[in-house]
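Note that this is a predicted model, so its numbers are computed, not measured. In what follows, residues are counted from 1 in the order of the sequence shown.
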Amino acid sequence: MILDVEFVKYHGCGNDFIIVDELGGEVVPEAFKGAFSMKVCRRRFSVGADDVLFIVPSTCGAHGFMRVLEPDGTEAEMCGNGLRCVAAYLSEKLGLDKLLIETRAGLKFVEKVGDGWFKADMGVLKCRFKDLKRYVKLDFNDEDELIARRINFPLIGDVEVSIVDTGVPHVVLFLDDVDKANINLYAEAISKNKKIFPEGICVNLVEVLNDHSIKVRTYESGVWDETYACGTGSTASAAVAHRLGLVKSGIVDVHVRGGMLKIVIGDRLQMIGPAEKVFTGRIRVEV
């Protein structure tokens with residue numbers, strides 16, 4: 001099947017996305033969405049991106065429903081940087097500064113807070129085993145919190161990790177120097193460990209810089225590579241650092257490879273960061 005698809009390329013701190021607007025009707029047939037994502041996300045061979053974001057009509061009256069298709073053809077429940085990019089796209093299209101966007105992880109309120117900057121409600125930190133056991137095959141009770149748990153992983157041995165959900169599941173672990181870390185080794189040991197994480201899991205290596213800032217490197221499942229930024233991962237990392245008392249401020253600066261995000265810690269977590277349009281285009285793809 002040959003598809004002729006208009007798209008818009010966006011990025012948030014280097015986490016880049018191909019946005020396909022399906023609010024007016026289906027552009028990529030459902031049966032081919034995974035294959036389309038696998039083809040167009042390939043860097044050097046196509047447009048290249050960390051995800052394809054389809055904006056489809058909401059099922060509950062929101063301004064749109066964001067669907068996240070990964071480079072491996074699977075669908076994720078949420079994407080933090082992608083959420084801001086979809087908000088930026090819809091803000092321009094609809095002329096609105098406040099948007100309600102539906103995701104598979106629930107409704108998300110996003111507000112424009114500056115030129116190209118958006119604040120997104122990321123919800124509450126989920127860290128109890130009952131909320132994570134779909135993704136985690138370990139022996140815990142439902143009410144157990146998976147914060148600062150020592151777990152043995154092949155290749156790296158016993159390490160203290162926190163396993164949380166901020167829209168998608170994440171492993172957070174703290175190191176003295178993330179720049180020197182072999183993130184692919186941690187990915188092989190944790191993210192690709194199908195015995196513990198049958199669907200894979202994102203891994204965040206976190207370095208505390210001071211009482212209000214951290215540095216984060218994220219290896220994302222679905223992408224199966226390190227990305228320049230991860231919004232849900234940055235949110236998870238900042239929230240866990242705050243829970244453990246490693247940062248004191250209610251606003252945490254998160255330094256990622258592609259820039260900086262701000263995470264507001266409160267009853268609900270808020271993420272503030274940029275969303276930039278790169279270019280518009282049309283691609284012809286055989287799927």
Side-chain angles (χ1 to χ4, degrees), residues 59-60 65-68 70 72 74-80 83 101-109 120-175 186-206 214 216 218-222 224 230-247 250 252 254 263-271:
T59 65
C60 59
F65 188 128
M66 178 183 75
R67 294 184 60 187
V68 183
E70 305 272 28
D72 66 357
T74 61
E75 184 168 1
E77 292 179 308
M78 234 290 281
C79 175
L83 179 66
I101 299 172
E102 186 178 358
T103 75
R104 294 202 183 281
L107 287 170
K108 305 294 180 182
F109 177 73
D121 178 9
M122 299 295 285
V124 299
L125 182 72
K126 295 179 181 179
C127 59
R128 296 188 186 278
F129 183 61
K130 64 181 180 182
D131 296 317
L132 289 154
K133 60 184 178 182
R134 167 189 159 185
Y135 311 105
V136 182
K137 301 307 177 187
L138 291 170
D139 188 19
F140 288 103
N141 296 317
D142 276 1
E143 295 303 317
D144 289 343
E145 291 190 345
L146 304 188
I147 300 289
R149 297 286 185 169
R150 187 157 289 277
I151 298 173
N152 183 271
F153 294 98
L155 303 178
I156 59 175
D158 284 346
V159 292
E160 185 177 277
V161 301
S162 295
I163 308 171
V164 299
D165 188 329
T166 50
V168 293
H170 284 270
V171 168
V172 176
L173 64 150
F174 294 88
L175 300 175
Y186 285 95
E188 195 67 35
I190 301 174
S191 185
K192 298 178 182 179
N193 188 326
K194 295 300 181 71
K195 289 185 178 179
I196 298 179
F197 307 110
E199 299 179 23
I201 198 165
C202 299
V203 177
N204 303 271
L205 307 182
V206 186
I214 59 177
V216 179
T218 303
Y219 184 99
E220 291 196 51
S221 57
W224 303 112
C230 176
T232 55
S234 294
T235 303
S237 300
V240 170
H242 194 268
R243 271 290 291 271
L244 295 176
L246 301 175
V247 293
V252 182
V254 181
I263 306 300
V264 182
I265 309 294
D267 293 336
R268 298 181 68 83
L269 300 166
Q270 306 283 336
M271 173 186 57

Original post:
For A148, does its backbone N or O pair with a side-chain atom of S162 as donor and acceptor, under 3.5 Å?
Top reply: yes
**OP:** Show your working on side chain to side chain contact (heavy atoms under 4.5 Å, CB included) between Q270 and D121 and close with a plain yes or no.
**Re:** CA-CA 5 Å; Q270 306 283 336; D121 178 9; 3.8 Å; yes
**OP:** Can you measure from CG (D72) to OG (S221) and round to the nearest 0.5 angstrom?
**Re:** 8.0 Å
**OP:** List the steps and the verdict of side chain to side chain contact (heavy atoms under 4.5 Å, CB included) for V168 and Y135.
**Re:** CA-CA 10 Å; V168 293; Y135 311 105; over 6 Å; no
Original post:
Parallel under 30°, tilted from 30 to 60°, perpendicular over 60°: which one fits the rings of F129 and F140?
Top reply: tilted
Subject >> Heavy-atom check, side chain of L132 versus side chain of L146, under 4.5 Å >> reply: yes
**OP:** Apply side chain to side chain contact (heavy atoms under 4.5 Å, CB included) to the pair V159 and N152, showing each step before the final yes or no.
**Re:** CA-CA 6 Å; V159 292; N152 183 271; over 6 Å; no
Subject >> Neighbour count above 12 (heavy atom, 6.0 Å) for K192 NZ >> reply: yes
Original post:
What are the two closest non-hydrogen atoms of A105 and G167, and how far apart are they?
Top reply: CB-O, 3.8 Å
Original post:
Is a side-chain donor or acceptor of T74 paired with a backbone partner of E70 at a separation under 3.5 angstrom?
Top reply: no
Original post:
Shortest non-hydrogen contact from C230 to E220?
Top reply: CB-OE2, 3.6 Å
Subject >> Electrostatic pair E199:K194 at N-O distance under 4.0 angstrom >> reply: no
**OP:** May I ask you to decide whether E77 forms a salt bridge with R134, counting only side-chain N to carboxylate O separations under 4.0 Å?
**Re:** yes
Original post:
In a check of side chain to side chain contact (heavy atoms under 4.5 Å, CB included) between V247 and each of V252, V240, V254, which one passes?
Top reply: V252
Original post:
So do K126 and V164 actually touch side chain to side chain, heavy atoms under 4.5 Å?
Top reply: no
**OP:** For residues C127 and I147, report the shortest heavy-atom separation together with the two atoms involved.
**Re:** CB-CD1, 3.9 Å
Subject >> Side chain to side chain, D131 and D165, heavy atoms closer than 4.5 Å >> reply: no
Subject >> Gap separating the CG atom of L138 from the CZ atom of R149, nearest 0.5 angstrom >> reply: 10.0 Å
Subject >> Pairs involving residues 138-148, ordered by first then second residue, that meet salt bridge (Lys or Arg N to Asp or Glu O under 4.0 Å) (sequence neighbours left out) >> reply: R128-E143, R128-E145, K130-E143, K133-D142, E145-R243
Original post:
Only one of T232, N204, T218 clears side chain to side chain contact (heavy atoms under 4.5 Å, CB included) with S237; which?
Top reply: N204
Original post:
Got V172 and V206 here, is their nearest side-chain heavy-atom distance under 4.5 Å?
Top reply: yes
**OP:** Report yes or no: does R150 contribute a side-chain atom to a donor-acceptor pair with the main-chain N or O of D158 at less than 3.5 Å?
**Re:** yes
Original post:
Under the side-chain hydrogen bond (donor to acceptor under 3.5 Å, both in side chains) test, which residues partner T166, sequence neighbours left out?
Top reply: none
Subject >> Intermediate values then yes/no, side chain to side chain contact (heavy atoms under 4.5 Å, CB included), H170 and I201 >> reply: CA-CA 6 Å; H170 284 270; I201 198 165; 5.6 Å; no
Original post:
Taking the side chain as C-beta and beyond, is there a heavy-atom pair between R67 and R104 under 4.5 Å?
Top reply: yes
Original post:
Which atom pair, heavy atoms only, marks the closest approach of L107 to C60?
Top reply: CD2-SG, 3.5 Å
**OP:** Have a look at L173 and tell me which of I163, I156, I190 forms a side chain to side chain contact (heavy atoms under 4.5 Å, CB included) with it.
**Re:** I190
Original post:
Got F197 and P169 here, is their nearest side-chain heavy-atom distance under 4.5 Å?
Top reply: no
Original post:
Side chains of F65 and I101: closer than 4.5 Å at any heavy-atom pair?
Top reply: no
Original post:
Rounded to the nearest 0.5 Å, how far does OG1 of T235 lie from CD1 of I263?
Top reply: 3.5 Å
Subject >> F153 versus A189, closest heavy-atom pair with distance >> reply: CD2-O, 3.6 Å
Original post:
Does the pair K108/E102 count as a salt bridge with the N-to-O cut at 4.0 Å?
Top reply: no
Original post:
Of all heavy-atom pairs between M78 and V68, which one has the smallest distance, and what is that distance?
Top reply: C-CG2, 4.2 Å
